[in-house]
J.: 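Below you'll find the structure I mean.
A quick note: this is a predicted structure, and the numbers were derived from the prediction, not measured.
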Amino acid sequence: YNHFPRDLKWKTTNVTFRILNYTPDLKKKVVDRAVRKALNVWSKVTPLRFTKTFDGTADIMISFGTKEHGDFNPFDGPEGLLAHAYPPGIGIGGDTHFDEDETWTEDYHAFNLFLVAAHEFGHALGMAHSSDPGSLMYPVYSYAKGFPLSEDDIEGIQSLYGENPDHEKFKPKPIAPEKCDPELSFDAITELRGETIIFKDRFYWRLHPNMPEPEQTLIKNTWPEIPNKVDAAYENPERDVVIIFSGIKMWALNGYTLVDGYPKYIHKLGLPKTVRKIDAAVNIRDTGKTLLFVDEEYWSFDEQTGTMDTGYPRSIEDDFPGIGDEVDAAAYHYGYLNLYHEHTQFEYSYSARKVVRIMRANSILNC
Amino acid sequence: KPISTEEKDKAVLAKKYLQRFYGMPAGLQRPGKSSDLMQQKIREMQEFFKLEVTGKLDDKTVELMEMARCGVPDVAE
């Protein structure tokens with residue numbers, strides 16, 4: 001998180017706000033509700049309290065305008081700039097302006113007024129932009145459900161105003177995982193048309209052969225339909241689909257689009273009902289089999305026949321000696337199975353039937 | 001070789017973006033100085049967004065510049 005120079009903030013925790021005009025995109029009471037909800041995001045985690053006024057000058061004056069709208073800081077028509085706000089201070093300080101050339105909504109279409117307002121009120125209270133892609137104060141718009149503040153946002157605003165003395169329980173979004181954290185473990189790994197996708201928490205890293213720097217993105221930014229948490233994933237290159245597992249459900253993705261008919265239950269693969277979660281999955285391209293790792297055991301699914309091979313589950317420890325008994329994520333490249341557990345990656349040679357190399361899990365991320 | 005219109009568009013977009021969000025001064029600069037300054041500002045923006053810091057207008061950098069965003073500068077003035 002970042003603050004403005006000199007940690008600009010309001011001298012009192014009682015802050016007033018006034019809505020000067022309304023967007024025609026939404027009913028007046030919907031705008032009122034979105035503004036109040038957006039302010040409550042910050043009062044939930046601090047001693048800040050917001051009072052609505054209907055005349056005169058409030059600390060936070062809220063208005064909708066297009067292009068040049070009176071502060072020599074023009075908007076730019078649809079898209080691009082959505083809104084801006086000024087840090088705490090007299091006069092224009094705290095004032096928040098929305099670009100009326102945008103389409104304002106109360107759901108995931110176009111731009112959600114509540115989310116943009118919550119971000120702008122962060123500025124109006126003293127927060128500058130954060131470089132954490134999972135933070136509300138990240139400069140680029142992204143739609144997300146649930147409580148919008150991340151731990152990064154909360155740490156930032158509480159370092160200005162302190163904690164909320166009578167706070168309720170709330171569930172902040174976790175900070176984006178650092179790729180070179182030595183303790184980093186992965187939720188899942190899969191190939192996707194020549195790229196490698198690594199899932200961790202609400203994010204995924206995307207590795208592309210000619211992109212030396214892995215790119216971290218929110219899962220929901222790319223696949224809004226799948227959950228924020230992926231347990232396992234594998235690519236079936238023959239069908240050009242990636243199968244995503246989360247809990248007892250699975251999704252099939254064809255690039256960026258969800259294949260019709262999904263999600264389905266994982267038991268359709270032939271797994272017993274007692275299986276509630278798949279830890280890791282990997283397609284062995286040479287045999288057309290997909291290995292599904294669950295706790296200390298694994299299954300083998302024949303992609304050709306669409307059935308589970310007989311004689312499974314088998315013990316991971318027996319069949320893959322040297323890697324321990326649990327797997328978080330798995331990948332297969334040219335005869336080598338990469339099995340990840342916690343912060344370690346085991347490279348297992350199928351032909352030699354043994355572990356030939358042990359590395360840090362995030363060595364795949366150039367760490 | 002003449003610069004393609006696409007390149008020109010990218011340069012115009014980047015210049016506006018860096019002036020607005022990274023404090024790059026507007027107006028004419030001394031020849032040579034402006035491209036150094038622009039590269040430095042591109043690096044600042046790439047650092048902020050945890051992109052690969054190249055100082056060049058690569059696809060990922062331009063793609064990010066085109067995303068809908070908040071009008072407050074990233075460089076807290």
Side-chain angles (χ1 to χ4, degrees), chain A residues 1-8 71 73-76 78-87 96-99 102-103 110-111 115-116 119-120 122-124 126-133 136-143 176 178-179 205-206 208 210-217 221 366, chain B residues 4-29 34-77:
Chain A
Y1 65 86
N2 291 297
H3 293 148
F4 289 108
R6 301 183 311 285
D7 286 336
L8 282 173
D71 61 358
N73 195 357
F75 286 133
D76 58 350
E79 304 276 332
L81 298 179
L82 303 180
H84 57 220
Y86 293 87
T96 301
H97 304 158
F98 298 92
D99 186 351
E102 309 303 341
T103 301
F111 301 107
L115 279 177
V116 175
H119 172 98
E120 298 306 331
H123 291 314
M127 298 284 281
H129 281 149
S130 164
S131 52
D132 177 341
L136 177 65
M137 294 315 294
Y138 189 68
V140 174
Y141 174 85
S142 71
Y143 178 77
E178 284 293 335
K179 67 182 176 75
W205 281 286
R206 177 181 157 226
H208 189 280
N210 60 14
M211 204 169 71
E213 226 8 73
E215 177 194 274
Q216 186 180 41
T217 310
N221 268 5
N366 308 331
Chain B
S4 70
T5 43
E6 194 194 331
E7 294 288 311
K8 252 187 244 151
D9 289 347
K10 271 190 209 172
V12 167
L13 165 79
K15 195 168 279 185
K16 265 198 218 168
Y17 192 95
L18 297 170
Q19 282 163 5
R20 171 146 229 160
F21 301 116
Y22 287 85
M24 189 168 87
L28 281 176
Q29 309 279 321
S34 79
S35 70
D36 291 348
L37 186 60
M38 190 146 163
Q39 275 194 26
Q40 178 206 321
K41 290 299 177 184
I42 290 173
R43 272 197 287 278
E44 265 184 47
M45 178 253 181
Q46 287 167 337
E47 225 157 283
F48 181 89
F49 283 103
K50 293 181 178 154
L51 297 171
E52 190 197 355
V53 180
T54 62
K56 289 191 180 62
L57 277 181
D58 51 58
D59 287 351
K60 183 66 204 134
T61 303
V62 172
E63 188 189 326
L64 221 138
M65 284 180 173
E66 288 167 339
M67 283 184 179
R69 59 161 288 158
C70 165
V72 173
D74 297 336
V75 177
E77 275 141 42

J.: Top residue by heavy-atom pair count (under 4.5 Å) with chain B, among A:His129, A:Glu215, A:Glu79, A:Gln216?
T.: A:His129
J.: Between A:Phe98 and A:Phe75, does the ring centre distance come in under 6.0 Å?
T.: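 No, the ring centres sit 6.0 Å or more apart.
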J.: Just so I understand: if I count every heavy-atom pair under 4.5 Å between each of B:Met65, B:Lys60, B:Glu66 and chain A, which residue has the most?
T.: B:Lys60
J.: Considering non-hydrogen atoms only, spot the tightest contact between A:Asn73 and A:His84 and give its length.
T.: O-CE1, 3.0 Å
J.: Which bit of A:Phe111 comes within less than 4.5 Å of chain B, counting heavy atoms only: side chain, backbone, both or neither?
T.: side chain
J.: Tell me, side chain or backbone of A:Glu120 under 4.5 Å from chain B's heavy atoms, or both, or neither?
T.: side chain
J.: Can a donor-acceptor pair be found between the side chains of B:Asp58 and B:Thr54 at a distance below 3.5 Å?
T.: yes
J.: When the ring planes of B:Phe48 and B:Tyr22 are compared, do they come out parallel, tilted or perpendicular, using 30° and 60° as the limits?
T.: perpendicular
J.: If we define contacts as heavy-atom pairs under 4.5 Å, which of A:His119, A:His123, A:His97 has the most with chain B?
T.: A:His123
J.: Out of A:Ser130, A:Pro214, A:Pro87, A:Ala85, return the one with the most heavy atom pairs under 4.5 angstrom to chain B.
T.: A:Ser130
J.: Do side-chain atoms of B:Gln46 reach the backbone of B:Gly55 as a donor and acceptor pair under 3.5 angstrom?
T.: yes
